[in-house]
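Okay, structure first, notes after.
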2 protein chains.
Amino acid sequence: MGPLDRVAGAHDAAVLAVARRGEPVSRAGLADALQVTPQAISKILARLIDRGLMAEAGTISSGPGKPTTLYSIVPSSRRAVGLHLTRTRVHGVVTDLTGRVLERLVTPIPSGTAVPELIALLAETARTLAAHGDGELLGVGVGMPGPVDSETGVHLGVSPGTEAWHDAAIRDLLLAELGLPVLVDHDSRSALVGESWSQPGLLHNAVLLLVEDGIGAALCLDGTIVRGAHSRAGKAGHMVVQMGGEPCTCGRRGCAQAEHLAALRAGDEQRAADVLATVVLDLVRLVDVDRVVLGGRSVHAHHGPTMTAIRAAIDEGLSGPDSGHVEVLLSTRGVDLIAAGAACEVLEHEYGLPTSLVGPEQ
Amino acid sequence: MGPLDRVAGAHDAAVLAVARRGEPVSRAGLADALQVTPQAISKILARLIDRGLMAEAGTISSGPGKPTTLYSIVPSSRRAVGLHLTRTRVHGVVTDLTGRVLERLVTPIPSGTAVPELIALLAETARTLAAHGDGELLGVGVGMPGPVDSETGVHLGVSPGTEAWHDAAIRDLLLAELGLPVLVDHDSRSALVGESWSQPGLLHNAVLLLVEDGIGAALCLDGTIVRGAHSRAGKAGHMVVQMGGEPCTCGRRGCAQAEHLAALRAGDEQRAADVLATVVLDLVRLVDVDRVVLGGRSVHAHHGPTMTAIRAAIDEGLSGPDSGHVEVLLSTRGVDLIAAGAACEVLEHEYGLPTSLVGPEQ
DNA sequence: ACAATAAGACAACGCTGTTGCGATACGTCA
DNA sequence: TGACGTATCGCAACAGCGTTGTCTTATTGT
């Protein structure tokens, strides 16, 4: 119960983060990665093995001396459920400790479903998924569009088509129904957590652009997901790229989302791609990320011209000696992007690195 | 030398952060703020008093029992020098431990000054300032425009008017000259650190928009200043607000900076203010900050219409139930904004909260 | 078979904040 | 005036962290 748990917990999380990369690791390698002595690694590994999270994975001998014992993560020791909630359906997955999808289940939501029935449907999906695989089930993550307070887990305000969910306390209701920890977050942030788990260590400073009905973004800066003061970060679709342009549902004109939609309706794929490229380049210049991940239905439908336009915009906009390299990638998780990400958020919450040690007052 | 220093250091920094607010604090108040026991506060305060950073500040008795002993920070115990470097001059200040400016000194830079002479001029300014006040001098902070690598302290690339500084290793050269710790950073980030020191605790999620020759921005998210993958975060001036609009020095069209400048040249103050308002609202929607601070020469010259336009845009763009409150403020530090901020960065480096405890590999 | 080498275990240490108990200083009430 | 309750604060013992120093163990090379 001491405050030393913080440093122990951080080290445990750091070892798991390294082990999650997939390859078995040696004690010496871990000592080097965490900048602690091999003795400390002994104690840390002992704790993790005791919890069943890691196990020995053979030995390797390179040269004289006692051969190195290797350790690896035990994927089947823990599981998490992730639910991607949209207007029309629930896309659910169970994942193991590494974030790998074990099983998926898609359930349509009848139009006009009220909150109690919605919760029942989510709970049913989670229970069905929980029957697959073994290992302790850590909790349920929910990724959903629209403004969401990830502290309290309530859906805020109204988006077109989800008026019935207004101010619904999704987290508390689902927690009461399931008796499991529940974590609710914005879909784009879930997606980014999922991507960062499937590409361990690469998305330290990255943006994920999620293009579905609207355009959302999630940012990871210095290894931390940006949530913002009111948990509303990521409305990249409402950045203005054309002052006085197309009217947007938000009341303003020339939002990226409105321009993108107008271009697609007009059949101008190039213009649509250019709008996305502008948003991406704006983000790169503003927060200086070195990786951009694209995901969502609309991106996959038009990924050819989109990727070309974005890469061209980046090459052009960041030419010159004063610019670092930026990599543009397509999301690697396909249809499970958000659901798997929501599951990874549960894992992250339990086994992730703590953001900071202490801080004064709030 | 143990790893426990981290937790002690974090607690020390947290106490200083609370004490820096100005009012004397009680042990009980600190224990509540840091979520530790009063006994721990005893040990933490003992360390800080031993270092001369804090001192007793009288007692107060409210009701029965032994009266509370109050403690406060000792501003004169430490000092820092901050230098704001521009094309034409160096604006320097010395501050005390709380970031208050003790003395200022402005020196013009002759056009065509090469790097060695520039360093000599900076060093001379720092030495002159160091003669004022007492208390240990912690180091020298430098805030400058253009891309800067704050890790290595070198000025990257070329901006109009500063071609001679290309790739200059400002930090190392100045360190060699002065024999003091030197910290180099982008001017907008310096400014934000300075503002957050003069408004302790308020700028946890905030943007500072710096409008001088160009438009720069600095972000503080979850209490951490955003630097980005290549230390180049903050080029808000090159966010596109008008696709296909005015050509910009960066090669693209319709950047906020280019549109702003064009509007000012055309004498259209309203349009210029609208451009800034668009940038601010974009930032608010993207990263969900709850405070926006405006600074820089151009803002102070036109702050009437600018503030009005931004407040109007925020009120209009964030109306509706799904939006949190956003406060728009003018910078409080006036001409010393960046220089004082650079000094505060030195203080922050020494006595600020560590960003994180540990992390795997890099 | 023997030495050299590298991995790992055990014990003692310094440090953190915590817990438990006692000393101190003040206001209140008899 | 004096005893009592109360809140503040200090001293001592404690658990847990990673570190340091020493020893054991297992493999390779001669």
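Note: hydrogens, waters and symmetry copies are ignored here, and every other heavy atom, side chains too, is used.
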5'-most contact on DNA chain C (nearest-nucleotide basis), S61(B) vs L70(A), goes to L70(A)

Which part of the nucleic acid, if any, lies within reach of S42(B) when heavy atoms closer than 4.0 Å are counted: base, sugar-phosphate only, or nothing? sugar-phosphate

Winner on side-chain proximity to A40(A), out of dA7(C), dG18(D), dG17(C), is dG18(D)

message: I'd like to know whether E350(B) forms a salt bridge (Lys or Arg N to Asp or Glu O under 4.0 Å) with R51(B), so could you lay out the CA-CA distance, the side-chain angles of the two residues, the decisive distance to 0.1 Å, and finally the verdict.
response: CA-CA 13 Å; E350(B) 196 76 10; R51(B) 290 207 278 164; 5.9 Å; no

Exercise for review: For dG16(D), take OP1 and OP2 only and decide whether either is under 4.0 Å from a side-chain N or O of R47(A).
Suggested key: no

Between CG of L45(B) and P of dG17(C) the distance, given in whole Å, is 11 Å

| request: Check whether any side-chain nitrogen or oxygen of H11(B) sits under 4.0 Å from OP1 or OP2 of dT16(C), and answer yes or no. | output: no

With respect to the phosphate group of dG18(D), does any side-chain polar atom (N or O) of T37(A) fall under 4.0 Å of OP1 or OP2? no

Does dC15(C) have OP1 or OP2 sitting under 4.0 Å from an N or O in the side chain of R6(B)? no

Separation of dT28(D) atom P from I60(A) atom CD1, nearest Å, is 12 Å

| message | Could you check whether S231(B) and R189(B), counting side-chain N and O atoms only, form a donor-acceptor pair closer than 3.5 Å? | response | yes

Rounded to whole Å, NZ of K66(B) lies from P of dA23(C) at a distance of 13 Å

Classify the nucleic acid contact of T69(B) as base, sugar-phosphate or nothing, counting any heavy atom under 4.0 Å across all strands shown. sugar-phosphate

5'-most contact on DNA chain D (nearest-nucleotide basis), K43(A) vs K43(B), goes to K43(B)

**Message:** Any donor-acceptor pair, under 3.5 Å, between the side chain of Q39(A) and the base of dC10(C), if you only look at N and O atoms?
**Reply:** yes

Between CD1 of I41(A) and P of dG8(C) the distance, given in whole Å, is 11 Å

Rounded to whole Å, CG of L34(A) lies from P of dG18(D) at a distance of 10 Å

Taking only the side-chain nitrogens and oxygens of R27(B), find out if one of them lies under 4.0 Å from OP1 or OP2 of dG10(D). yes

- Query: Is a salt bridge present between D222(A) and R227(B), judged by a nitrogen-to-oxygen distance below 4.0 Å?
  - Reply: no

Rounded to whole Å, CG of D5(A) lies from P of dC14(D) at a distance of 20 Å

Under 3.5 Å, is there a donor-acceptor pair linking the side chains of Y351(A) and R78(A)? yes

Rounded to whole Å, CD1 of I49(A) lies from P of dG8(C) at a distance of 11 Å

Nearest heavy-atom contact between V140(A) and A126(A) is CG2-CB, 4.3 Å

